[in-house]
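Labels below follow one simple rule: chain letters A, B, ... track the order of the sequence lines, proteins then strands, and each chain is numbered from 1. In this text, all values refer to a predicted model and were calculated from it rather than measured experimentally.
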There are 2 protein chains.
Amino acid sequence: MDAAAHLGYRPNRIPAIMQSGRSYMVGVVIGGLENPFYATALERLATALRESGLQVLLMHVDDALTLDSALDQLVSYRIDAIVTSLAIGSAAVVRALSALRLPVVCFNSSRVGPWISTVNSDNHGAGRAAAHLLARHGVMRPVWLAGPTKNAASHARGTGFCTGLCATGLPPAHLTTVRGNDTYDSGYAAITQLDRRGIRPDGIFASNDMMACGVIDALRERMGLLCPRDVVVAGYDNIPQAAWRSYDLTSFDQHTEQMVARAMGLLDEALGTKDTPLSRTHVIDAQLIERGSTGGGGRNDDPAIP
Amino acid sequence: MDAAAHLGYRPNRIPAIMQSGRSYMVGVVIGGLENPFYATALERLATALRESGLQVLLMHVDDALTLDSALDQLVSYRIDAIVTSLAIGSAAVVRALSALRLPVVCFNSSRVGPWISTVNSDNHGAGRAAAHLLARHGVMRPVWLAGPTKNAASHARGTGFCTGLCATGLPPAHLTTVRGNDTYDSGYAAITQLDRRGIRPDGIFASNDMMACGVIDALRERMGLLCPRDVVVAGYDNIPQAAWRSYDLTSFDQHTEQMVARAMGLLDEALGTKDTPLSRTHVIDAQLIERGSTGGGGRNDDPAIP
DNA sequence: TTGTATGCGTTATCAT
DNA sequence: ATGATAACGCATACAA
């Protein structure tokens, strides 16, 4: 042992991988790190994986095109499983993933198939809750700011919101839907577009917080509408910026800690029952965090704020 | 080939690693993904590495304690090199890294040693530029909001700022220094503390943008000071949120694209001259992005904004 | 308990 | 050009 320490010897896990067929590496496929939600989710996932003795082989992916080649790369390193936060939209991707015959755990993906398990936020339920929240504030001209059509989670939030509005007695015809691409700028642009169409909303539910922040800024700068005085706004993800005082944004927290824990459970199970496709779905309740943008935190009413 | 495709055969790179002694995996050691700057930097780094045919073995690390065990893990996977954005503060960490006899590339770390190369933003120069910027705005009571003492980059920015203030003829005694920990909340708290001490700044340079955002909010809420009317504020990193309209924050862009490109160059060079310790330093100019928080963008003067 | 041979799936070398 | 074989460093199984 002394000699080993002196020579700086470190055991080599590579032959062990060959021998055992297990690499203890997990391919983590992620996109959109510019969204603080995914960044913090990755941080938690990486921490949890390491605590389970698993390494993170990271694969950043921009679009579905690069995904295929990315998967080949990952598989050639004999990863034990794949965890992805990509909103798996297309059936082709699901087929590609299933064909790997590797455990796959997805976050917020509606698509399922053999070998694929998912951990989802209760997007539909949160959408309904958002509708009831807006209804409590007497909103008569609600707007739903959707994410990209590929985004299954966004779709579920939208249908939930619509369902919730109906339940509160508001005719669906009163609902205006606009679409963004999950960025701040697209939220800002969506409001600019509403302004041009002459629509003055009094309540907005955005598919994520980044767009909601853009919405709040555009309402003030473009339409002269203050939040929550003139319009209430809610987002999704509860990113750190939602708590920043300039936005003070009501949002739905996905409880990424819980979601990651569930994902780890699925992973352990799938890795235990090797060579047997597992396909499970977990749904985690989202928690409404009421802040000033819906009059909840109350601090936006603070007279100290001009 | 048909049979291979039919059977879903994928070449196995693990034996190739054993054989060639090269894994084409790079250990990426990172902390603080909740800071959008590091998140986007990681995204760019991961993309660049993949374009060079290198895999990312990600290691998220909270403190120096976990770093040691993390390094052992990485090394046992026979990574070819290490890239880290950690502000390497302690000499012990440098010794541990050098002992690995692996190429190491650091971002914004002042510590150097054999096998360790660094790519740094011109922190000192940017600090001086910040001082001149504030001087141009007639600032008489400047405040420097430093990051953690461990953070070498923050220290360089601070000394540069001090140097620059002297150069403009402002006595250093007029400079107030407060310290945060690079988070929004710590920026907010720093201003709260200034308020308690009865200090009313008219110009603030913060070591990073997240703290600067907290500063802007606290100035308004705690001291009733508007930016840039009563006080000018500049940050560092040019995170996406700096461009969000509620902050419209003047900042220094580190040009992470360039820094990543330089890091890749160092990596290629170090991997080419295998078994020979390389130790180089590159310094990249930071670019001042003037926005409304220093009256630059001008949009915060927009009468539409209350 | 300690020691020794074999195999993992490639790459590289050597012989044909 | 094509084909056989050793070697990478560890884990496993079996022998002593």
Side-chain angles (χ1 to χ4, degrees), chain A residues 1-27 49-50 52-59 68-82 96-97 99-104 115 267-268 270-276, chain B residues 1-27 49-50 52-57 59 68-82 96-97 99-104 115 267-268 270-277:
Chain A
M1 294 302 284
D2 286 351
H6 186 68
L7 293 167
Y9 166 83
R10 315 269 168 167
N12 184 346
R13 297 204 63 173
I14 299 296
I17 297 172
M18 260 175 66
Q19 178 64 20
S20 65
R22 283 208 50 183
S23 63
Y24 293 91
M25 290 193 287
V26 171
L49 286 169
R50 192 150 77 88
S52 295
L54 296 169
Q55 305 300 316
V56 175
L57 200 56
L58 185 72
M59 188 72 31
D68 277 352
S69 68
L71 289 181
D72 276 357
Q73 302 249 327
L74 286 178
V75 170
S76 72
Y77 277 86
R78 290 299 183 262
I79 52 171
D80 291 338
I82 289 182
L97 286 172
L100 300 179
R101 305 182 58 78
L102 272 182
V104 176
W115 296 96
L267 215 53
D268 284 345
L271 292 176
T273 67
K274 194 85 182 182
D275 301 324
T276 312
Chain B
M1 294 303 284
D2 286 352
H6 187 67
L7 294 167
Y9 166 83
R10 314 269 168 164
N12 184 347
R13 297 204 61 174
I14 299 297
I17 298 173
M18 259 175 64
Q19 180 65 18
S20 66
R22 284 208 48 183
S23 63
Y24 294 91
M25 290 193 287
V26 171
L49 286 169
R50 192 149 77 87
S52 294
L54 296 169
Q55 304 300 317
V56 175
L57 201 56
M59 187 74 28
D68 277 353
S69 67
L71 288 182
D72 276 357
Q73 303 248 328
L74 286 178
V75 171
S76 71
Y77 278 87
R78 290 299 182 262
I79 52 170
D80 291 338
I82 289 182
L97 285 172
L100 300 178
R101 305 182 57 79
L102 271 184
V104 177
W115 296 97
L267 216 52
D268 284 345
L271 292 176
T273 68
K274 194 88 180 181
D275 300 325
T276 311

Can you run through DNA chain D from 5' to 3' and write each base as (, ), [, ], | or . depending on how it pairs? Watson-Crick or G-U wobble, both distances under 3.5 Å.
-> ||||||||||||||.|
What distance separates B:Leu100 CG from B:Ile79 CD1, expressed to the nearest 0.5 Å?
->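 Interatomic distance, B:Leu100 CG to B:Ile79 CD1, rounded to 0.5 Å: 7.5 Å.
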When rounded to the nearest 0.5 angstrom, what is the spacing between CD in B:Gln55 and OH in B:Tyr77?
->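 Output value for this atom pair is 14.5 Å.
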Are any of the side-chain heavy atoms of B:Leu57 and A:Leu57 separated by less than 4.5 Å?
->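 When only atoms from C-beta onward are counted, A:Leu57 and B:Leu57 do touch, with a gap below 4.5 Å.
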Sub-4.5 Å side-chain heavy-atom contact between B:Leu54 and B:Leu267 =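 Yes - at least one pair of side-chain heavy atoms lies under 4.5 Å apart.
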Give the rounded distance in Å between these two atoms: CD1 of B:Ile17 and C1' of C:dT10.
->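 It is 11 Å, rounded to the nearest whole Å.
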Separation of D:dA11 C1' from A:Tyr24 OH (nearest whole Å) |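 In whole Å, D:dA11 C1' lies 12 Å from A:Tyr24 OH.
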How would you list, by chain and number, every residue that makes a side-chain contact (heavy atoms from CB on, under 4.5 Å) with B:Pro11, sequence neighbours excluded?
->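 side-chain contact (heavy atoms from CB on, under 4.5 Å) check on B:Pro11 returns B:Tyr9.
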Any residue meeting side-chain contact (heavy atoms from CB on, under 4.5 Å) with A:Ser76, in chain and number order, not counting sequence neighbours =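 So A:Ser76 forms a side-chain contact (heavy atoms from CB on, under 4.5 Å) with B:Arg13.
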Close N or O pairs between protein and nucleotides 5-9 of chain C (under 3.5 Å):
residue: C:dG7; atom: N2; partner: A:Gln19; partner atom: OE1; Å: 2.7

Taking side-chain hydrogen bond (donor to acceptor under 3.5 Å, both in side chains) as the test, write out the residues that go with B:Asp72, two or more places apart.
->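 By the side-chain hydrogen bond (donor to acceptor under 3.5 Å, both in side chains) rule, B:Asp72 matches A:Arg10.
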Contacts table for residues 16-24 of chain B: side-chain donor-acceptor under 3.5 angstrom, sequence neighbours left out:
residue: B:Ser20; atom: OG; partner: B:Ala16; partner atom: O; Å: 2.8
residue: B:Ser20; atom: OG; partner: B:Arg22; partner atom: N; Å: 3.2
residue: B:Ser20; atom: OG; partner: B:Arg22; partner atom: O; Å: 3.2
residue: B:Arg22; atom: NE; partner: B:Asp80; partner atom: OD2; Å: 3.3
residue: B:Arg22; atom: NH2; partner: B:Asp80; partner atom: OD2; Å: 3.4
residue: B:Ser23; atom: OG; partner: B:Met25; partner atom: N; Å: 3.1
residue: B:Ser23; atom: OG; partner: B:Arg78; partner atom: O; Å: 2.7

